[in-house]
Amino acid sequence: MNNKKENNTCSLKLYSTLTRRKEYFKPINKNIVKFFVCGPTVYNDAHIGHGRTYISFDMIKRYLEYKGYSVIYMQNVTDIDDKIINRGKEIGKVNDDLSSVCFDLARKYERRYNEDMESLNVKGLNLQMRATDHMDKIINQIERLIEKGYAYETDTGVYFQVNKFKDFAKLSNRKIDELEGHRLQEDKTKKDPRDFALWKKRDSIEYYGEPVWSSPWGKGRPGWHIEDTAITEEYFGEQYDIHGGGLDLIFPHHDAEIAQMEAVSGKKPMVNYWLHTGFLNVDGEKMSKSLGNFITIRDLLKEVSPETFRFFVLSTHYRSPIDFSKDSLHQAGKSLDKIKSYVDDVDEILNSEFEDEDVIEDKIDSLESTSYDVLKSTIVSFFNAMDDDFNTPKAIASLFELISESKSQLKDLDINDILAIKGFLVTVNDILGIIFLDDNGNNGDNEEALLDLIADTRKKLRANKQYDLSDDIRAKLTDLGYEISD
Ligand code: AMP
């Protein structure tokens with residue numbers, strides 16, 4: 001029974017923030033899905049709130065692919081921004097060139113972000129586009145906005161004139177008058193305090209040393225919102241399928257993106273489905289760098305396996321808030337262990353029946369269906385849940401039903417049913433990515449446990465003054481690419 005090649009694409013429903021309801025998913029271009037998610041601002045290590053958002057979108061991309069779509073998943077990298085410049089000023093030395101400090105900082109944290117994503121098994125990105133590599137596109141889009149009468153230049157920059165765009169803030173559903181008090185930059189040159197920056201002029205002495213680019217309006221740098229629409233217009237065109245981000249980006253960022261792109265193209269909607277992830281909170285407050293209540297992904301992964309964190313995240317619906325605590329993370333680890341133990345039981349039966357993995361894979365691929373009712377109903381409920389706006393907690397619950405109903409009977413089942421269960425588990429893992437398998441079919445936890453065991457053994461040897469043997473083990477581990485320091 002092959003679970004991997006389902007073509008029943010029209011059954012998927014997803015909730016769009018724009019229409020505020022679940023809708024059947026239909027891409028603009030038949031089978032191709034253009035999927036854009038706002039990427040990180042790279043000036044610091046990513047925290048687990050970022051991890052929550054990007055794991056959720058990774059699962060969504062995986063599920064769209066499972067449904068048979070060819071997904072082009074793109075993220076931008078905000079590598080020029082006030083936060084990067086401020087951090088550059090903090091860490092730069094007196095004689096350093098601030099521009100180079102900011103550039104190096106952004107590259108360093110972009111690299112570290114990508115490493116973090118890799119360790120979380122977030123691997124599906126097809127395009128990653130830096131704002132600073134698209135200055136000509138950004139400038140060109142601003143020029144067109146000015147030509148069309150939606151933007152104007154002042155002494156301090158170029159601004160989008162909010163009251164020229166009739167539907168402004170339709171995504172957040174805010175009335176234009178309500179916007180008055182919202183984090184508005186005090187700038188007397190603007191026609192209206194609600195107008196937002198497309199280009200920030202940075203010619204004067206007070207900005208000396210900051211990274212700048214030449215433009216028709218003098219030296220300066222882009223506003224935050226325009227980088228995304230310049231990038232998506234370049235690679236996806238004026239209209240595309242899905243745009244995602246965390247809840248906090250709905251206003252003003254995504255509302256501003258819609259205004260810019262729809263104003264420039266004259267076409268609506270810019271995006272058919274707007275997806276937003278809920279926050280990862282600590283004690284009811286959003287985890288954020290500015291509140292200082294964050295744990296970096298790197299720090300968390302010193303304590304728990306990436307599979308556990310991934311499972312913890314996917315145990316909550318992507319739109320709902322998650323309350324982070326070590327206790328709930330620990331519980332998630334225990335639940336994941338139950339799944340892994342079930343996978344081990346299934347593998348044990350298959351390994352005793354068939355000689356090698358390839359034979360098992362071939363047999364799974366050639367299975368047409370299963371007669372095992374428990375599995376049949378699990379498959380139906382798992383995919384119904386996933387089709388219902390990617391309801392991973394419900395899908396995971398159906399997996400646990402399968403486990404509780406079949407674990408004790410596995411040995412009595414027909415081998416074809418065991419193969420069918422294995423096929424389903426592989427598909428579940430392809431979609432959720434909760435059991436990472438290396439090329440040898442081992443999951444990372446085993447390797448970690450083995451290394452811990454070796455490290456402990458060496459400690460004991462050293463405590464018994466058996467230094468030769470302990471050094472020998474260390475040398476052999478070094479040959480194998482593992483470094484151990486005493
Ligand atoms: P930033 O680099 O701060 O722009 O954030 C990158 C992405 O992570 C955005 O989509 C944010 O909405 C998302 N994000 C930031 N903090 C959290 C959080 N605590 N929970 C969930 N998503 C978050």
Side-chain angles (χ1 to χ4, degrees), residues 17 35-61 73-87 102 105-117 120 122 125 128-131 171-172 183 222-228 231-232 242-257 271 274-300 309-310 312-325 328-329 390 392:
T17 311
F35 178 28
F36 178 74
V37 172
C38 289
T41 306
V42 280
Y43 67 104
N44 225 327
D45 276 333
H47 59 65
I48 59 175
H50 298 125
R52 190 268 159 106
T53 282
Y54 295 118
I55 287 172
S56 301
F57 286 119
D58 178 61
M59 171 276 294
I60 288 172
K61 195 236 175 181
Y73 180 16
M74 176 163 70
Q75 275 181 21
N76 67 312
V77 177
T78 301
D79 61 344
I80 180 65
D81 179 80
D82 287 343
K83 290 176 190 153
I84 296 174
I85 295 171
N86 292 340
R87 182 93 181 105
C102 293
L105 184 76
R107 291 296 170 270
K108 173 180 169 183
Y109 285 105
E110 176 189 309
R111 181 175 47 75
R112 287 172 71 87
Y113 165 78
N114 286 332
E115 288 168 0
D116 288 345
M117 291 303 120
L120 291 176
V122 171
L125 207 56
Q128 188 174 43
M129 295 299 166
R130 294 173 184 148
L171 188 67
S172 63
R183 283 202 301 149
W224 175 32
H225 317 304
I226 197 82
E227 66 171 275
D228 286 8
I231 287 171
T232 53
I242 308 178
H243 189 317
L247 266 187
D248 52 337
L249 300 189
I250 296 177
F251 183 85
H253 188 47
H254 291 163
D255 270 324
E257 275 191 55
V271 163
W274 284 89
L275 308 190
H276 290 99
T277 49
F279 294 143
L280 182 138
N281 295 322
V282 186
D283 297 330
E285 267 191 305
K286 179 193 168 205
M287 177 171 282
S288 72
K289 289 174 188 163
S290 53
L291 287 176
N293 60 351
F294 65 92
I295 302 175
T296 63
I297 292 170
R298 275 159 202 260
D299 281 345
L300 188 85
F309 180 60
R310 214 178 145 101
F312 169 77
V313 166
L314 296 176
S315 299
T316 300
H317 189 268
Y318 77 91
R319 282 191 286 118
S320 303
I322 297 183
D323 267 317
F324 177 79
S325 71
S328 44
L329 195 61
F390 315 103
T392 51

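First listed ligand is number 1; within each ligand, the first listed atom is number 1. Heads up: numbering here begins at 1 and tracks the sequence.
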- Query: What pairs with D79 under salt bridge (charged side-chain N to carboxylate O under 4.0 Å, His left out), at least two apart in sequence or on another chain?
  - Reply: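 D79 satisfies salt bridge (charged side-chain N to carboxylate O under 4.0 Å, His left out) with R107 only.
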- Modelled atom types, side-chain donor and acceptor of N293 and E285, under 3.5 Å: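 Short answer, no.
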- Query: Taking the six-membered ring for Trp, are Y43 and Y109 ring centroids under 6.0 Å apart?
  - Reply: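 Between Y43 and Y109, the centre distance exceeds or equals 6.0 Å.
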- Message: Taking Y318's backbone N and O only, do any of them form a donor-acceptor pair with R52's side chain (distance below 3.5 Å, no angle check)?
- Response: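 Yes; at least one donor-acceptor contact below 3.5 Å.
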- Message: The criterion is side chain to side chain donor-acceptor pair (under 3.5 Å); which residues satisfy it with T41, sequence neighbours excluded?
- Response: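 Residues passing side chain to side chain donor-acceptor pair (under 3.5 Å) with T41: none at all.
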- Qualifying residues under side chain to side chain donor-acceptor pair (under 3.5 Å), relative to D82, sequence neighbours excluded: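 Checked D82 against side chain to side chain donor-acceptor pair (under 3.5 Å); matches are R221.
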- Who are the residue neighbours of ligand 1 when the rule is a heavy atom under 4.0 Å from any of its atoms?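 Correct list: P40, T41, H47, G49, H50, T53, Y54, G245, G246, D248, L249, G278, F279, L280, K286, M287.
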